[in-house]
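To start, the structure itself, in structure tokens.
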Amino acid sequence: MTQTFDHTPGAELSAADLATWRERLRAVRTVVVLTGAGISAESGVPTFRQAQTGLWARYRAENLATPEAFEHDPDLVWRWYAGRREKLLSVQPNAGHRALAELAERVPELVLVTQNVDGLHQRAGSREVIELHGSIHRLHPFGLAQPGADDSADWPQPPGEQPPRDARGRLLRPSVVWFGESLPERALAEAIQAAGRADVFLAIGTSALVHPAASLPLLAREQGAWTVEVNPQETALSARMDQVLRGAAGQVLPQLLAALA
Ligand code: APR
């Protein structure tokens with residue numbers, strides 16, 4: 001049965017919200033967290049499905065984040081990522097990112113899985129982050145299906161107007177997972193394994209539209225985890241979560257953390 005503790009985004013969590021949360025965290029062993037673009041929204045990073053602005057207003061993110069788009073016009077896709085990355089380097093992690101980094105110190109084990117490529121969890125102090133959709137901050141040769149650590153290259157500074165090439169003349173591309181590409185196998189295996197042993201699973205700031213990430217909370221619930229959604233909006237997950245906290249991550253997560261003090 002889903003307990004929905006509705007409250008207007010930005011309001012205080014109710015005593016019932018906090019009591020349930022505190023009770024569920026008391027004897028917890030493993031907390032697994034899945035974050036999506038929503039946790040970075042309060043840092044000023046547009047969510048993935050938000051309309052693009054400025055020069056990019058006429059493009060949909062889904063049409064630029066593909067191998068076909070890069071093959072067709074590498075310079076255009078490169079400039080889009082260079083602009084996004086520059087923006088990301090200029091924003092700061094928010095209270096939601098910081099609360100998760102702190103929560104990891106309060107429970108025996110916290111496994112943080114993110115669909116975000118922005119690196120803000122790491123900048124907020126989260127040490128091990130499973131980046132299911134890769135990272136905008138790394139590059140690898142175009143055409144490699146599962147790049148290994150030694151295929152990784154750094155961005156040139158300044159990024160320039162077109163993608164650089166590696167020593168073997170291969171075009172370098174951002175190490176984010178594009179539509180139609182498979183997820184990094186090791187990251188996905190680790191995320192599935194963690195969801196399978198979660199006592200509590202938090203789904204934060206994700207529309208739960210993209211699989212396999214979106215199935216992780218359900219996998220956790222099937223094996224008995226207490227599942228919590230933190231999102232100002234209803235999502236495809238909401239009705240199947242045990243606890244729904246209708247609010248912004250930057251407002252809700254610090255309250256959940258404070259409740260454990
Ligand atoms: N706090 C919490 N959630 C928020 C906030 C906030 N302050 N602001 C917005 N949200 C929620 C929105 O309600 C929405 O449900 O964040 C979610 C963002 O959804 P998407 O933009 O679809 O992003 P995401 O779920 O991460 O997309 C998953 O799909 O397109 C691919 O690779 C891309 O990683 C992305 C994946």
Side-chain angles (χ1 to χ4, degrees), residues 4-11 13 17 33-53 56 59-67 69-70 77 80-81 84-85 88 91-100 112-121 124 129-137 173-184 187-188 191 202-218 228-241 243-257:
T4 300
F5 302 99
D6 272 324
H7 57 279
T8 45
L13 292 183
D17 288 349
V33 181
L34 171 68
T35 61
I39 195 165
S40 296
E42 289 153 277
S43 293
V45 178
T47 64
F48 195 84
R49 283 170 179 74
Q50 231 164 321
Q52 304 225 83
T53 56
W56 302 102
Y59 297 96
R60 282 165 49 86
E62 290 88 324
N63 298 336
L64 289 169
T66 71
F70 187 79
V77 175
W80 181 55
Y81 277 97
R84 285 180 65 202
R85 180 168 178 269
L88 289 172
V91 303
Q92 299 303 320
N94 64 59
H97 295 109
R98 290 194 297 274
L100 286 183
L112 177 54
V113 183
T114 189
Q115 300 170 89
N116 300 339
V117 299
D118 58 31
L120 288 176
H121 283 302
V129 182
I130 298 176
E131 294 177 308
L132 274 188
H133 293 169
S135 169
I136 201 169
H137 299 297
R173 49 153 293 178
S175 294
V176 299
V177 177
W178 280 334
F179 286 96
E181 293 188 318
S182 48
L183 271 59
L188 180 57
L202 282 162
I204 303 169
T206 181
S207 60
L209 292 174
V210 170
H211 288 268
S215 53
L216 292 171
L218 305 177
V228 185
E229 177 177 63
V230 177
N231 194 320
Q233 309 282 333
E234 177 147 5
T235 70
L237 277 180
S238 302
R240 302 167 72 179
M241 304 295 276
Q243 186 176 25
V244 172
L245 302 176
R246 275 280 165 269
Q251 310 267 338
V252 169
L253 295 178
Q255 294 178 63
L256 295 182
L257 182 68

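Along the sequence shown, the residues carry numbers beginning at 1. Counting convention: from 1, in listed order, for ligands and their atoms alike. The model shown is predicted, which means the values in this text are computed figures rather than measured ones.
In this structure, Q115 and V210 approach most closely via the heavy-atom pair OE1-O, 4.2 Å. The nearest pair of heavy atoms linking A191 to L132 is CB-CD2, 4.1 Å. Across every non-hydrogen atom of N63 and A69, the tightest pair is O-CB, 3.4 Å. In terms of heavy-atom proximity, P217 sits nearest to A214 at CD-O, 3.2 Å.
Closest to atom 28 (C) of ligand 1, if we only count protein heavy atoms, is Q115 OE1, 3.2 Å. Closest protein heavy atom to atom 8 (N) of ligand 1: A41 CB, 3.7 Å. For atom 32 (O) of ligand 1, the nearest non-hydrogen atom of the protein is H133 ND1, 3.1 Å. Considering only non-hydrogen protein atoms, atom 7 (N) of ligand 1 sits nearest to E42 OE1, 2.8 Å. In this structure, atom 27 (O) of ligand 1 lies nearest to the protein heavy atom R49 NH1, 3.1 Å. Atom 13 (O) of ligand 1 has N231 OD1, 2.8 Å as its closest protein atom, hydrogens excluded (heavy atom only). Protein heavy atom in closest approach to atom 1 (N) of ligand 1: A249 N, 2.9 Å.
Atoms of ligand 1 found under 4.0 Å from any heavy atom of G36 (numbered from 1 in listed order, with element): 26 (O). Set against the non-hydrogen atoms of Q233, the atoms of ligand 1 under 4.0 Å away are 13 (O).
For the pair R84 and W56, the cation-pi criterion (under 6.0 Å, within 45° of the ring axis) is not fulfilled.
Here atom 6 (C) of ligand 1 lies nearest to G38 when heavy atoms of G247, A213, G38 are compared. The residue from S238, A203, G205 that puts a heavy atom closest to atom 18 (C) of ligand 1 is G205.
Using a 4.5 Å heavy-atom cutoff, the side chains of L245 and E229 are not in contact. Inter-residue side-chain proximity for W178 and V77 is flagged as met; some heavy-atom pair is nearer than 4.5 Å. Residues H121 and I39 meet the side-chain proximity criterion, which asks for heavy atoms closer than 4.5 Å.
Residue-to-ligand polar distances place A37 within reach of ligand 1: an N/O pair is separated by less than 3.5 Å.
Under a 4.0 angstrom heavy-atom cut-off, P232 registers as being in contact with ligand 1.
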message: With side chain to side chain donor-acceptor pair (under 3.5 Å) as the criterion, how do T35 and T114 come out once you've worked through the C-alpha distance, each side chain's angles and the decisive distance to 0.1 Å?
response: CA-CA 5 Å; T35 61; T114 189; 2.7 Å; yes
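Here V210 has side-chain heavy atoms under 4.0 Å from ligand 1, and that is the only part of it that gets that close.
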